[in-house]
Amino acid sequence: MKEPIHVLKSFRITEKASALNAHLNKYVFEVATSANRIDVARAVTEKYKIKVSRVNILNHPGKRKTGRMFGGHPGRTNRRKVAIVTLAEGQKIETI
């Protein structure tokens, strides 16, 4: 089992994430690219002491880029993985 500190990278605060939080009791986290649904659910449960009912994972592949940032040579931006965590009825994350 992976440690929660290695699975959960950061909490995502965007307009869409705020709307999900306010209306549907869903929270958005950026997670390690090697993490799966079970790892994310365990990490959120351990860290925040709440019950998770569902986890959805989104993979964002790195984009191909050229330009000054890569010295005129083709390169890639970093890939990332985002997890949308739905909490059980009546549960809430207070620290966010």
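T86 contributes no side-chain N or O that, together with a main-chain N or O of S53, makes up a donor-acceptor pair within less than 3.5 Å. In this structure a side-chain-to-backbone donor-acceptor pair under 3.5 Å is present from N25 to Q91.
A single hydrophobic cluster is seen to contain both I93 and V7, as judged by linkage of ILVMFWY side chains at heavy-atom distances under 4.5 Å, directly or through other members. At a threshold of 4.5 Å between side-chain heavy atoms, the hydrophobic network of Ile, Leu, Val, Met, Phe, Trp and Tyr places L20 and V82 in one connected group. Linking ILVMFWY residues whenever their side-chain heavy atoms come closer than 4.5 Å, directly or via other members, leaves L58 and I13 in distinct clusters.
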Step-by-step side chain to side chain contact (heavy atoms under 4.5 Å, CB included) determination, E30 to L8: CA-CA 6 Å; E30 188 166 341; L8 299 176; over 6 Å; no

Report the C-alpha separation of K92 and Y27 in whole Å, then their side-chain angles, then the decisive distance to 0.1 Å, and conclude whether the side chain to side chain contact (heavy atoms under 4.5 Å, CB included) test is met. CA-CA 9 Å; K92 192 177 193 182; Y27 295 86; 3.7 Å; yes

Give the C-alpha distance, both sets of side-chain angles, the deciding distance and a yes or no for side chain to side chain contact (heavy atoms under 4.5 Å, CB included) between V40 and I57. CA-CA 9 Å; V40 173; I57 301 276; 4.2 Å; yes

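The two atoms that bring N59 and K81 nearest to each other are OD1-CE, 2.9 Å, heavy atoms only. In terms of heavy-atom proximity, R12 sits nearest to A17 at O-CB, 3.6 Å. In plain terms, the two heavy atoms of P4 and E46 that are nearest each other are CG-OE1, 3.3 Å. Closest approach of V28 and I84 over heavy atoms only: CG2-CG1, 4.2 Å. Listed here is the closest heavy atom pair of D39 and S34: OD2-O, 4.4 Å.
Atom NZ of K51 and atom OG1 of T45 lie 9.5 Å apart (nearest 0.5 Å). To the nearest 0.5 Å, atom NZ of residue K26 and atom CG of residue L87 are 10.5 Å apart. Once rounded to the nearest 0.5 Å, the distance linking OG of S18 with NE2 of H23 reads 10.0 Å.
Residue-environment remark: CG (L24) exceeds the threshold of 12 foreign heavy atoms within 6.0 Å.
Between F29 and F11, the two ring planes are perpendicular [angle over 60°; tilted spans 30° to 60°].
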